[in-house]
Amino acid sequence: MSTTTNQVPDVELNNGTTIPQFGFGVFQIPPERTADTVGAALEAGYRHLDTAQMYENEEGVGEAIKSSGLDRDEVFVTTKLANDAQGHDSAITALEGSLRRLNTDYVDLYLIHWPLPAQDRYLRTWRGFEEILRSGKAKAIGVSNFQPAHLDRLIEEAEIVPAVNQIELHPALQQTELRAYHQSHGIATEAWSPLAQADLLGDPILTELAGKYGRSAAQLVLRWHVQLGNIVFPKSGTPARIRENIDIFDFELDAEDLRVIDKLDAGRRTGPDPDTFNG
Ligand code: NDP
């Protein structure tokens, strides 16, 4: 199997486990195409897969890992709790379903997908996650789409600080304050929709800068994420783009060009606002 795996740095999480900084996201990959698409990603050297119960494609992820011939411990697998399964016991039961569909004994990372503050169940859910961590069925636990107030509450009232917070993050939504919060609390930042779902790729500033490095705009943006320290997992259903996206470990943006991208921050979301999203 051809591989660029060794070029992807590992990031150490706050419980001592490590995660490849660069991976592959499978949101919106249709279930019947997931095994082939994830197979192409593994072939291209990706060793970190990001799925979720709500994506309804965990089976395909499990199938691709199995048919790759890789050992289970060579691939980092994240899944996320479905919104309608929040709660202490239901979070534990939902993970059993994921393990069955993924055909594995454990996940590397289990996340609460959304805080759903109006439902006020994330603290109880997190206590279920703490039990899961102790059971070994997840090697690390974390959250997604949590705002500082939600994180404050977990840190004050629960035992375990989330290992990661997976948030929408790209040049048009740089999340500077939330990233600083993460850093001061030992929480790793994962960036979802790192390409803003391809919205940004025609931006003239980005395309011009990409040309300077002889790269695509997607590669430029992904390289920016890596240099910022974000954990990132772009999605593509297109084999050539799958290979293109991971081919970013042989060039480096200089400080001035990083600042040019920093100036594109517009506080613009492509997805829901976590404070009001209710599942
Ligand atoms: P991305 O920002 O990764 O963008 C995906 C889009 O970009 C697709 O339309 C894809 O097209 C296109 N694309 C990818 N690479 C290229 C390229 N090199 N050139 C041109 N176009 C390209 O969006 P996602 O929303 O999928 O985010 C990535 C991952 O983040 C998800 O798969 C999921 O794992 C996670 N996520 C988590 C969320 C959460 O709430 N926790 C919410 C949303 C995402 P094509 O497929 O046709 O190639």
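Remember, it's a predicted structure, so these values are computed and weren't measured experimentally. For the numbers below, each heavy atom of this structure counts, side chains included, while hydrogens, waters and symmetry mates do not. In each ligand, atom 1 is the first atom listed, and ligand 1 is the first ligand listed.
Using a 4.0 Å cut-off between heavy atoms, Leu111 makes no contact with ligand 1 at all. At a heavy-atom distance under 4.0 Å, only side-chain atoms of Ser144, from C-beta outward, approach ligand 1. Here Leu201 has side-chain heavy atoms under 4.0 Å from ligand 1, and that is the only part of it that gets that close. By the criterion of a heavy-atom distance under 4.0 Å, the side chain of Ala218, and not its backbone, is placed next to ligand 1. With a 4.0 Å heavy-atom cut-off, ligand 1 is reached by the side chain of Tyr55 but not by its N, CA, C or O. For Asn245, every heavy-atom contact with ligand 1 shorter than 4.0 Å involves the side chain, none the backbone. The parts of Lys235 lying near ligand 1 are both backbone and side chain, judged by heavy-atom distances below 4.0 Å.
Proximity of Gly271 to ligand 1 is not established, as no heavy-atom distance is less than 4.0 Å. Put simply, no part of Phe24 is less than 4.0 Å from ligand 1, judged by heavy atoms. The shell of residues lying under 4.0 angstrom from ligand 1, judged by heavy atoms, excludes Ser216.
Nearest to atom 4 (O) of ligand 1 among the protein's heavy atoms is Gln197 CA, 3.3 Å. For atom 20 (C) of ligand 1, the closest non-hydrogen atom of the protein is Arg241 NE, 3.4 Å. At the shortest separation from atom 28 (C) of ligand 1 among protein heavy atoms lies Phe233 O, 3.4 Å. From the protein, the heavy atom lying nearest to atom 2 (O) of ligand 1 is Leu195 N, 2.8 Å. In this structure, atom 40 (O) of ligand 1 lies nearest to the protein heavy atom Asn145 ND2, 3.0 Å. Closest to atom 24 (P) of ligand 1, if we only count protein heavy atoms, is Ser193 OG, 3.6 Å. The nearest protein atom to atom 7 (O) of ligand 1, hydrogens excluded, is given as Ala198 CB, 3.4 Å; this is a heavy-atom distance. Looking from atom 43 (C) of ligand 1 to the surrounding protein, the closest heavy atom is Trp192 CE3, 3.2 Å.
Taking any N or O of Phe27, backbone or side chain, at least one lies under 3.5 Å from an N or O belonging to ligand 1. In terms of polar-atom proximity, Val26 is counted as a contact of ligand 1, with an N or O under 3.5 Å from an N or O of the ligand.
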Practice task
Please assess His113 against Gln53 for the test side chain to side chain contact (heavy atoms under 4.5 Å, CB included), listing each intermediate value before the final yes or no.
Solution key: CA-CA 9 Å; His113 205 146; Gln53 291 160 4; over 6 Å; no
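Between Lys212 and Asp257 there is a salt bridge, with a side-chain nitrogen of the basic residue lying less than 4.0 Å from a carboxylate oxygen of the acidic one. In this structure, Lys80 pairs ionically with Asp50, as a charged nitrogen and a carboxylate oxygen lie closer than 4.0 Å. Salt-bridge check for Arg47 with Asp10: failed, with every basic side-chain N at 4.0 Å or more from each acidic carboxylate O.
Ligand-side atoms of ligand 1 in range of Trp114: 40 (O), range being under 4.0 angstrom from any heavy atom. Ligand 1 places these atoms under 4.0 Å from at least one heavy atom of Ser236: 14 (C), 45 (P), 46 (O), 48 (O). Listed by number with element, the atoms of ligand 1 under 4.0 Å from a non-hydrogen atom of Ala196 are 2 (O). Interface of Gly237 with ligand 1, defined as ligand atoms under 4.0 Å from a residue heavy atom, comprises 45 (P), 46 (O), 48 (O). Interface of His113 with ligand 1, defined as ligand atoms under 4.0 Å from a residue heavy atom, comprises 39 (C), 40 (O), 41 (N). Listed by number with element, the atoms of ligand 1 under 4.0 angstrom from any heavy atom of Glu244 are 18 (N). Against a heavy-atom cut-off of under 4.0 Å, Asp50 is close to the following atoms of ligand 1: 33 (C), 34 (O), 35 (C). Taking a cut-off of under 4.0 Å to the non-hydrogen atoms of Thr238, the atoms of ligand 1 that pass are 45 (P), 47 (O), 48 (O).
Put simply, the side chain of Ile29 reaches to within 4.5 Å of the side chain of Phe24, judged on heavy atoms. A 4.5 Å side-chain heavy-atom check between Leu151 and Pro162 finds at least one atom pair inside the cut-off. By the 4.5 Å heavy-atom criterion applied to side chains, Arg101 and Thr79 are not counted as neighbours.
Here CD1 of Ile19 is found 14.5 Å from NZ of Lys139. Values are rounded to the nearest 0.5 Å.
Side chain to side chain, Glu63 and Asn103 fail the donor-acceptor criterion of an N or O pair below 3.5 Å. When only modelled atom types and interatomic distance are considered, Gln86 and Thr125 share a side-chain donor-acceptor pair under 3.5 Å.
Proximity of a side-chain donor or acceptor of His48 to a complementary backbone N or O of Pro20 within less than 3.5 Å is detected. For the pair Gln227 (side chain) and Leu253 (backbone), a donor-acceptor distance under 3.5 Å is present.
Other residues, nucleotides and ligands contribute only 12 or fewer heavy atoms inside 6.0 Å of the CZ atom of Arg268.
By the 30° and 60° cut-offs, the orientation of the rings of Phe277 relative to Trp114 is tilted. Using cut-offs of 30° and 60° for the angle between ring planes, the Phe146 and Tyr122 rings count as perpendicular. Taking the six-membered ring where the residue is Trp, Tyr110 and Phe129 present parallel rings, their angle staying beneath 30° rather than reaching 60°.
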